[in-house]
Protein chains: 4
Amino acid sequence: MQPVDRTDGDRSFIEDARRRQIVTAAIAAIAEEGYSRASFVRIAARASISPGLITYHFKTKENLIREVLGHIDARLDRAMEGGPEPLEGFEDGLRRIVTGHVTYCASHPQEMVARREVLSAALPPALQEHVARGNEAGRAELVGFLTEGQRHGEFRPFDPEVFTDALFAALSSAPRSVARRPAEEHGAYAREMADLFAEAATGRG
Amino acid sequence: MQPVDRTDGDRSFIEDARRRQIVTAAIAAIAEEGYSRASFVRIAARASISPGLITYHFKTKENLIREVLGHIDARLDRAMEGGPEPLEGFEDGLRRIVTGHVTYCASHPQEMVARREVLSAALPPALQEHVARGNEAGRAELVGFLTEGQRHGEFRPFDPEVFTDALFAALSSAPRSVARRPAEEHGAYAREMADLFAEAATGRG
Amino acid sequence: MQPVDRTDGDRSFIEDARRRQIVTAAIAAIAEEGYSRASFVRIAARASISPGLITYHFKTKENLIREVLGHIDARLDRAMEGGPEPLEGFEDGLRRIVTGHVTYCASHPQEMVARREVLSAALPPALQEHVARGNEAGRAELVGFLTEGQRHGEFRPFDPEVFTDALFAALSSAPRSVARRPAEEHGAYAREMADLFAEAATGRG
Amino acid sequence: MQPVDRTDGDRSFIEDARRRQIVTAAIAAIAEEGYSRASFVRIAARASISPGLITYHFKTKENLIREVLGHIDARLDRAMEGGPEPLEGFEDGLRRIVTGHVTYCASHPQEMVARREVLSAALPPALQEHVARGNEAGRAELVGFLTEGQRHGEFRPFDPEVFTDALFAALSSAPRSVARRPAEEHGAYAREMADLFAEAATGRG
DNA sequence: CATGAATGAGCGTTCATTCAT
DNA sequence: AATGAATGAACGCTCATTCAT
């Protein structure tokens, strides 16, 4: 058993490597076999370790899943921060959100499929709340962005909450949609999806 | 004891009634306790029958879930066929799809929540494919409708596949979104969502 | 899984029989292998059933142990109610408590050894409290009896709480002590132990 | 790495210190968390060492527990050897045994609680026998003392084995009984308990 | 000497499914 | 047609012990 719940700082090199390896194996297992089949035994088999070692490093399955989500979201957030070019306006911002997300789904399909699996699974209550808090934060940010765009007259006067629902739903299902298509169409797919929401937001035609 | 899963035709009246009862209990269990907690024992308890009877009538859990989805989709399809008034055009048709679906989510929350639960769960492969085939049919219908609308010049020239992805995603998440809001806002919610996709499709502003 | 937590009344004949069988097997396992080795697998092996069946009938291990204690204590209490002859005084009452208990240990060694094992084990908190409440009740009864005996001048003025501690300790260890001796000495053992506490209580010599 | 469990003689200074440190941590863990929760990981955490080091120094858990009991009993025996004043007779000797033990329970509660925990736990057979042998030795000594007291006419003619059972039981449960009471009553408690057994032994009143 | 990562058996519990009644 | 007792595999988790470093 892991004697303490060390914070990131004071983990040994080996421990860090093992944790990464286990998180990676968990992502693969979840993405390829589904959340409900991603048991410690199966995850451990993928990592060629014993199941007990997962508990040793993560204490509970809840912790492991939390780490899986954290790992994926950290990389996703980094990717979503967008390119270095300054925004040319709210429509440009909206387009970048969509294309950024879809492009990431295309380039990291396993992570994003695993993310979808986990988020739609029956999680322990504490984790459920953790996820809900994260979702709320993301929603609030987007609602704020849309409202601001309306104030600047770039967006038509829709209900930002409803728009956010639709956009989040589309982005959440993106991993699946993208997976159905050949890689060479992913760029076009991202542009089309961005067009759709830009159109819906501006009504400019 | 007699192996079952007869085809619809040669089922006795009693057998049909039992099957309906079990399907109803399963929907309630899935909606209220989540798919992963909807075990035969819990479903049977809700129907005040023994767990063995479920297997007797459905042979496997997979069959029961198939029936649950069939039951919900049949009712949903019937409701979605739209009112008796003739369509006033493709935009009107699109709006009716959205409002019809969202309104149904508002009026039959349990069924739709259960549907969401099942569709996002890790189903056995055979059932997964069954669902996928059903999805494909629905998608094809919508894609056809959108293409037709473009041919008539009512819709702008977006990619109908991408549009369908976004619309299906939004409709799939509707049960949750609707559940977050007070009942008196459901009508407005449906209209806002319809506006959003009408705008995206027509680009008329 | 056992659909409900039926009360004693409405259990089927078969269920009652199984529960008794399991409780009996659990007592044997605890007495012969010790509490910590009395796992569901071992108990089930003694009863020639599958481990899952224990959970089916008792839901949790805590419930099973509670039932084990209840079963033993019910029989012990019945045996301790004493013979039909009226008490001849407080000393006689005290002697009967001791001889009754020791005699029961001699005639039902397995039950009493199991009881000792369970009561001295690390139980789940809820069960621990259940046991503590039972203990307190027994102690209070004995303290009351001793105090009354002092009021009537039959007992010398010792501290009844301390006396109760010593008596309970001696009775609790009786299963072990009795087990160390051949059966033909058990009667004499009970009388000697009764003498000891009678002497300590009366100081009469 | 080198197999260990050397005999006392050829242990280095450091090794002795480590063993003492581990034994102390084990006693604290057992007393505060219960025997069944006193795993190597928890004991090691208290000693701020790694769990592997315990095995290194003691080879098996059984050895560690053996050492724990030896450590406690050695200190207890030293304390029980009684004060420097010469015994004033057998009753005085008996009283000193009781008050000495109870007083030690009051002044070293952790050790004595740990001892109780260990002795009432399900130990490996070999250790069980080790403990039994130790018990037998203590019992024999007490039986001899009581018999001698009877020969000198100071004690009434009870069965010394039975008396020893009762006295050992009372002393074994003393840690718990004492812990239930406020510190200022411990002296009176010891005296009351001594009175009880003196009375039972002499019958003088 | 000491670490702590790693193992593998065992734990209580859940569950779809079977089957004697 | 229906019951509900029974199974056995799988689950997350704990632990004494091992061993490469």
Side-chain angles (χ1 to χ4, degrees), chain A residues 1-4 12 14-15 17-19 36-44 48-64 124, chain B residues 1-2 4 12 14-15 17-18 36-44 49-62 64 124, chain C residues 1-4 12 14-15 17-19 36-44 48-64 124, chain D residues 1-2 4 12 14-15 17-18 36-44 49-62 64 124:
Chain A
M1 192 197 322
Q2 187 190 26
V4 289
S12 74
I14 276 204
E15 189 175 350
R18 262 294 185 238
R19 288 176 67 100
S36 75
R37 301 190 66 78
S39 68
F40 276 18
V41 170
R42 285 197 183 82
I43 294 169
S48 302
I49 58 173
S50 81
L53 190 56
I54 303 180
T55 302
Y56 175 75
H57 282 294
F58 292 94
K59 197 77 186 155
T60 66
K61 183 161 198 182
E62 186 176 323
N63 280 352
L64 169 60
Chain B
M1 186 189 25
Q2 172 195 19
V4 281
S12 76
I14 277 200
E15 193 174 343
R18 266 286 186 243
S36 73
R37 300 189 64 78
S39 69
F40 276 17
V41 171
R42 285 198 183 82
I43 294 169
I49 59 172
S50 82
L53 191 56
I54 303 180
T55 303
Y56 175 75
H57 281 293
F58 293 94
K59 203 69 187 162
T60 66
K61 184 161 197 181
E62 186 177 323
L64 169 60
Chain C
M1 189 198 321
Q2 187 191 28
V4 289
S12 76
I14 275 201
E15 190 174 349
R18 261 295 184 242
R19 288 174 66 100
S36 75
R37 300 191 66 78
S39 69
F40 276 18
V41 171
R42 285 196 182 83
I43 294 169
S48 302
I49 58 174
S50 82
L53 189 57
I54 303 180
T55 301
Y56 175 74
H57 283 294
F58 292 94
K59 199 75 185 156
T60 65
K61 183 160 197 182
E62 185 176 324
N63 281 351
L64 170 60
Chain D
M1 185 192 25
Q2 173 193 18
V4 282
S12 75
I14 278 200
E15 192 173 344
R18 266 287 188 242
S36 73
R37 300 191 63 79
S39 68
F40 275 19
V41 172
R42 287 197 183 84
I43 294 170
I49 59 171
S50 84
L53 191 55
I54 302 180
T55 302
Y56 175 77
H57 281 293
F58 293 93
K59 202 70 185 162
T60 67
K61 186 164 196 180
E62 186 178 321
L64 169 60

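From a predicted model like this one, the values you see are computed outputs, not experimental measurements. Quick note on labels: first sequence line is chain A, next is B, and so on, each numbered from 1.
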Grab the [atom1]-[atom2] distance between [X] and [N] for me, whole Å please.
| X | N | atom1 | atom2 | value |
| --- | --- | --- | --- | --- |
| B:F58 | F:dA1 | CZ | P | 13 Å |
| C:K59 | F:dA5 | NZ | C1' | 15 Å |
| C:R19 | F:dA6 | CZ | P | 12 Å |
| C:E62 | E:dC11 | CD | C1' | 16 Å |
| A:I54 | E:dT7 | CD1 | P | 10 Å |

Output field dot_bracket for DNA chain E (Watson-Crick or G-U, both distances under 3.5 Å, | for other-strand pairs) contains .||||||||||||||||||||
Within the structure provided, determine whether A:L64 and A:T55 are in side-chain contact (heavy-atom separation under 4.5 Å).
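Of all side-chain heavy-atom pairs linking A:T55 with A:L64, none is under 4.5 Å.
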Can you give me the closest heavy-atom contact between [X] and [Y], atom names plus distance?
| X | Y | result |
| --- | --- | --- |
| A:E62 | A:P124 | OE1-CB, 3.5 Å |
| D:S50 | D:A44 | C-CB, 3.7 Å |
| A:A38 | A:I43 | O-CD1, 3.6 Å |

Below 3.5 Å, does any donor atom in the side chain of C:Y56 face an acceptor in the base of F:dA6, or the other way round?
no
Under 4.0 Å: is that the gap between some side-chain N or O of A:R18 and OP1 or OP2 of E:dA5?
no
So does A:H57 get a side-chain nitrogen or oxygen closer than 4.0 Å to the phosphate oxygens (OP1/OP2) of E:dA6?
yes
Among residues at least two apart in sequence or on other chains, which ones pass side-chain contact (heavy atoms from CB on, under 4.5 Å) with B:R18?
B:Q21, B:I49, B:L53, B:H57
Between N or O atoms, less than 3.5 Å apart, protein on one side and nucleotides 8-11 of chain F on the other: list the pairs.
| from | atom 1 | to | atom 2 | distance (Å) |
| --- | --- | --- | --- | --- |
| F:dC11 | OP1 | A:S39 | OG | 2.8 |
| F:dC11 | OP1 | A:R42 | NH1 | 2.8 |

Mind checking C:I49 for me? I need base, sugar-phosphate or nothing, with any heavy atom below 4.0 Å counting as a touch.
sugar-phosphate
Side-chain atoms of A:I14 come closest, of E:dT17, E:dT14, E:dA5, to E:dA5
Rounded to the nearest 0.5 Å, how far apart are OH of C:Y56 and NZ of C:K59?
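Taking OH in C:Y56 and NZ in C:K59, the distance rounds to 10.5 Å.
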